[in-house]
Amino acid sequence: MAAIPAIPFALSGGLARTAWGATASKKGVLSRVRPGEPGWPSAASWDSLKKNVAGQFIKLDPFFAGCAAAASGPACNEALAHLANTFAIGDQAALTQTSGWIDAWTSQPSAYALAAKNTADVVAAVNFARQHHLRLVVKGGGHSYQGTSDAPDSLLVWTRHMNDVRLHSDFVAQGCAGLDAPQAAVTVGAGAMWIDAYDAVTTHGGRYVQGGGCTTVGVAGLVQSGGFSNFSKTYGTAAAGLLEAEVVTADGEVRVANARTNPDLFWALKGGGGGSVGVVTRLTLRTRELPETFGAVFFTLKASSDAAYRALISQVIAFYGSALFNPHWGEQIAFNPGNTVDVSMVFQGLSKQQTAEIWAPFLEWVRARQDYSFEKEFTCLTLPAQHFWDAEFFKQHAPGFVVADERPGAPAHHVLWKGDLGEAGWFIHGYKSAWLPASLLRMDRQTDLAEAVFRCTRHWRIAFHFNKGLAGAPAAEIDAARNTAMNPCVLDAFALAIIAGGAGPQYPGMPGAAPDPAHARERARQIAKAMDEILKVAPGAGSYVSESDYFLSDWQTAFWGGNYTRLAQVKKKYDPDGLFFVHHGVGSEEWSRDGFTRLTTKGKHLPPA
């Protein structure tokens, strides 16, 4: 990171006050402006921007402003009604899918939002923010746990309406004609959600695209973070499936990035984190053949004593390593403080009979002992793979698994997995993750892992997300992921361990939603203690940028490992002045936590503007 000298403002030739009042220098932007400060754009400037875009320009107010006058009034009731529907939350420029994180951030609207309709709108917003030294925020799905699609006093580029989806049977990236063979692909706009992609590609197209598990997550954000789905052990990461992207960089240029055109930018977009090197306006992803079936296995077991629980944890780990550690299986097994184990696994390419045969030895072991009882009985479901995201199919055959967006005029395919409803607007108390190396599944390490899991559950619940580690995946998918910016430790991880907790929505101004800081901080401490037990057997484990601790100190290494140096170089090339800032994003160490003031390399603030 280049040093930025703290030159006194009185020195001639060092710094100059620009026409718009922000501080600038040859070293780059030193601070950004807020409403009411010198340099904040005039009303005429905002009007000019409004006239030059096709999208809607919106002045944002706090979403629950109407509750201040009457907490039970129509305006407040209407605002509260949106929180029961994650699609409705995403349709609000002033809201994010997470309401905040104790002692970290709170969801607050930008000063203005541009609901972009096309790439030209994004260019206009980027140029305006650069010229006026504004804090710029980009939001598509709005699912960022760390608040990266949220910042008060900013200009929001809202891509929600750029949600077109187009299938290709013979896509060839720009500049690759005659060099790369045509292949099946899908192009999606930056504001598309994964349910939009799955509906087009799988339900109607009969193919598969590697995406996200939660249907309302934005395509662009997930790909830029790496991207795991239910079936990552088969199809690798979403980032590895990226064929081409259109990006607006900090200079306002529209660039195409693929393996042969701007390849450095292309590499950075594949897992380098969203919002750091540009605004993605469209992406093209490869599609695959579908297996015949997708399916799931669910059950919950309870042990009658601590000793029995230890034995159960050991048996689960051993069974996973011998029977499930392969491309067929994904999703999670959770170990709970109440001496219970929740199994919520998905699979592909197996029949119901084959699945029953795979699980038979484990179930026989459990049923042969009186120390265990089923709180939820073993259940196995299979369905044709083409119907896995088919809203109409689920409504007819398994309505309890999905929740539809029932607002008038909502697209018929907009459904959400019922199990994801708990994250609608949730307020985070603590969230930690760690990639667990496959070496822990060796026979000589399983006892250590099982004991660490038991000790962890004395503090908090831990979930092993097996589909978020690539060990056990086909060699070709591991090789493809190796050519992304993600931390290489994901290649040898059998699972991502997640330890997290929170509460219901606590947006500012929301009636009856004031947080209990003492309670939240105590829960955060217990979550930290639980992760400490896991890190004893996985020291130095990396962490997934999209699902990680807001307060992580070594985030550069945890998220990207040895790839961070290269990412920083790409950042300097395409965004030398740091227009794009997100918390714990590439280059963010050069800025204050709110992204408004550039820091010296020693972490000290420069003189105020």
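These numbers were taken from a predicted model, which means no experiment stands behind them.
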Should [X] and [Y] count as side-chain neighbours, where that means a heavy-atom distance under 4.5 Å?
{"X": "Asp103", "Y": "Arg521", "answer": "yes"}
{"X": "Tyr145", "Y": "Gln97", "answer": "no"}
{"X": "Asn336", "Y": "Asp342", "answer": "yes"}
{"X": "Met531", "Y": "Trp460", "answer": "no"}
{"X": "Cys67", "Y": "Met510", "answer": "no"}
{"X": "Phe228", "Y": "Tyr544", "answer": "yes"}
{"X": "Thr457", "Y": "Arg455", "answer": "no"}
{"X": "Leu301", "Y": "Glu375", "answer": "no"}

Drop me the distance from [X]'s [atom1] to [Y]'s [atom2], to the nearest 0.5 angstrom.
{"X": "Ser344", "Y": "Gln332", "atom1": "OG", "atom2": "CD", "answer": "5.5 Å"}
{"X": "His465", "Y": "Ile333", "atom1": "NE2", "atom2": "CD1", "answer": "11.5 Å"}
{"X": "Ile527", "Y": "Ile498", "atom1": "CD1", "atom2": "CD1", "answer": "12.0 Å"}
{"X": "Thr98", "Y": "Asp150", "atom1": "OG1", "atom2": "CG", "answer": "10.0 Å"}
{"X": "Gln108", "Y": "Leu60", "atom1": "CD", "atom2": "CG", "answer": "12.5 Å"}

Please walk me through it: do Ser433 and Ser543 pass side-chain hydrogen bond (donor to acceptor under 3.5 Å, both in side chains)? CA-CA 6 Å; Ser433 70; Ser543 187; 2.7 Å; yes
Using modelled atom types and a 3.5 Å cut-off, is there a donor and acceptor pairing between side-chain atoms of [X] and backbone atoms of [Y]?
{"X": "Asn563", "Y": "Ala485", "value": "yes"}
{"X": "Lys529", "Y": "Ala524", "value": "no"}
{"X": "Ser99", "Y": "Gly425", "value": "yes"}
{"X": "Ser149", "Y": "Lys139", "value": "no"}

Taking the basic N atoms (NZ, or NE/NH1/NH2) and the acidic carboxylate oxygens, is any pair closer than 4.0 Å for Lys571 and Asp575?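 So Lys571 pairs with Asp575 through a salt bridge.
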Do NZ/NE/NH1/NH2 and the carboxylate oxygens of Asp153 and Arg135 come within less than 4.0 Å?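 Salt bridge between Asp153 and Arg135, a charged N being under 4.0 Å from a carboxylate O: no.
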Are [X] and [Y] near enough that their ring centres are under 6.0 Å apart?
{"X": "Trp426", "Y": "Trp101", "value": "no"}
{"X": "Phe394", "Y": "Trp389", "value": "no"}
{"X": "Tyr112", "Y": "Phe57", "value": "yes"}

Are there more than 12 heavy atoms of other residues, nucleotides or ligands under 6.0 Å from atom CD of Glu406?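 No, because the 6.0 Å sphere around CD of Glu406 holds 12 heavy atoms or fewer from other groups.
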Are there more than 12 heavy atoms of other residues, nucleotides or ligands under 6.0 Å from atom NZ of Lys117?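 Open.
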If you apply the rule ring-ring contact (aromatic ring centres under 6.0 Å, His included), what do you find for Phe388 with Phe231, and how did you get there? CA-CA 12 Å; Phe388 195 77; Phe231 307 108; 5.4 Å; yes
Run Tyr550 and Tyr431 through ring-ring contact (aromatic ring centres under 6.0 Å, His included) and show every step you take. CA-CA 8 Å; Tyr550 183 94; Tyr431 202 113; over 10 Å; no
With His414 as partner, the option from Thr86, Asp196, Asn85, Thr216 fulfilling side chain to side chain donor-acceptor pair (under 3.5 Å) is Asp196
[Y] six-ring centre to [X] NZ/CZ under 6.0 Å and within 45° of normal:
{"X": "Arg34", "Y": "Phe596", "result": "yes"}
{"X": "Arg32", "Y": "Trp591", "result": "yes"}
{"X": "Arg130", "Y": "Phe128", "result": "no"}

Decide yes or no on salt bridge (Lys or Arg N to Asp or Glu O under 4.0 Å) for Arg160 and Asp91, but give the supporting numbers first. CA-CA 7 Å; Arg160 181 78 165 186; Asp91 284 341; 2.9 Å; yes
Step by step, would you call Lys468 with Glu547 a salt bridge (Lys or Arg N to Asp or Glu O under 4.0 Å)? CA-CA 11 Å; Lys468 295 176 182 176; Glu547 297 175 297; 3.0 Å; yes
Ring geometry between Trp555 and Phe559 (parallel below 30°, tilted from 30 to 60°, perpendicular above 60°): tilted
What class does the angle between the rings of Phe494 and Tyr320 fall in, given that below 30° is parallel, 30 to 60° is tilted and above 60° is perpendicular?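 Rings of Phe494 and Tyr320: tilted, as their planes differ by 30° to 60°.
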What is the minimum heavy-atom distance between Ala558 and Leu552, and which atoms define it? CB-CD2, 3.6 Å
